Amino acid sequence: MAKLVKNIPVLIELAKPKLSTFVRYAKVELVPPSPAEIPAAIGDASKKIANLQKQTFRNWTVKEAAINTVVGLEVFCWFFIGECIGKGSLVGYQV
Amino acid sequence: MAVTLPEPVRVSPLIKTCRWTALGLGIWWGTKRYAALKAEEDEIRAYNAKMKPIWDAEKAAKAAASNREQMIYLAKESGTPIPEGF
């Protein structure tokens with residue numbers, strides 16, 4: 001255990017470049033929408049709902065369909081991440 | 001590392017809004033559900049704690065009665081005299 005604690009500064013130094021790469025991507029990709037972007041998002045959403053009614057998804061290529069499915073699934077999974085945060089545990093509600 | 005990493009992708013605002021809305025909804029749902037389940041479980045725990053002495057007394061009385069019957073049966077079979085008021 002003492003050996004692990006001694007190695008922590010070394011590990012932090014090793015992790016810094018990886019961390020900075022992660023932050024570089026996270027600052028663009030994972031950041032929440034700014035207030036200016038939200039009306040654009042709502043407009044985009046109404047367009048997507050119109051597309052759903054027109055059933056344009058039937059004309060998707062397989063690649064498009066796969067990408068859209070995966071993106072939709074990812075957005076859905078954020079709900080479960082939030083639920084884990086809210087219930088304060090990873091597996092199950094620890095009542 | 002000689003690999004050049006690609007540029008970060010500019011995510012569409014719709015996806016960003018949906019993600020963070022889903023996260024917020026999830027946190028809200030998690031806290032709500034946790035509170036409800038905790039209330040239920042606390043009730044069950046309180047009920048069990050209240051009934052435990054009663055149940056323990058019932059079990060002890062039942063065990064004593066069955067023990068007495070077995071002792072009487074053994075006494076009858078072995079011919080031992082049963083003391084008064086047993």
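Chain letters run A, B, ... following the sequence lines, proteins first, then strands; residues in each count from 1. All of these numbers come straight from a predicted model, not from anything done at the bench.
Residue A:Ser89: no heavy atom, backbone or side chain, is found under 4.5 Å from chain B. Contacts between A:Glu74 and chain B at a heavy-atom distance below 4.5 Å involve the side chain alone, from C-beta outward. Heavy atoms closer than 4.5 Å to chain B are found in both the backbone and the side chain of A:Val31.
Annotation: residues 32-44 of chain B contacts chain A through B:Arg33, B:Tyr34, B:Leu37, B:Lys38, B:Glu41 [non-hydrogen atoms, separation under 4.5 Å]. When the heavy atoms of residues 74-86 of chain B are compared with those of chain A, none of the residues falls under 4.5 Å.
Note: the hydrophobic cluster containing A:Phe76 also contains B:Trp29 (ILVMFWY, side chain heavy atoms under 4.5 Å, direct or indirect links).
Rounding to the nearest 0.5 angstrom, the gap separating the CG atom in A:Leu30 from the CZ atom in B:Arg19 is 6.5 Å. In this structure, CG on B:Leu14 lies 6.0 Å from NZ on A:Lys48, to the nearest 0.5 angstrom. To the nearest 0.5 Å, atoms OH (A:Tyr25) and CG (B:Leu5) are separated by 4.0 Å. Separation of atoms CH2 (A:Trp78) and CH2 (B:Trp20) is listed at 5.0 Å; rounding is to 0.5 Å. To the nearest 0.5 Å, atom CZ of residue A:Phe79 and atom OG1 of residue B:Thr21 are 12.5 Å apart. Taking CZ of A:Phe80 as the reference point, atom CG of B:Leu23 lies at 12.5 Å (rounded to 0.5 Å).
Contact count versus chain B (heavy atoms, under 4.5 Å) is highest, among A:Gly43, A:Gly82, A:Ala26, for A:Gly82.
The local environment of CE in B:Met71 is sparse, with at most 12 non-hydrogen atoms from other residues, nucleotides or ligands closer than 6.0 Å. With a 6.0 Å radius and a threshold of 12 heavy atoms from other residues, nucleotides or ligands, A:Phe22 has its CZ atom at or below the threshold.
A:Glu29 places a side-chain N or O within 3.5 Å of a backbone atom of B:Val9 that can act as its donor or acceptor partner.
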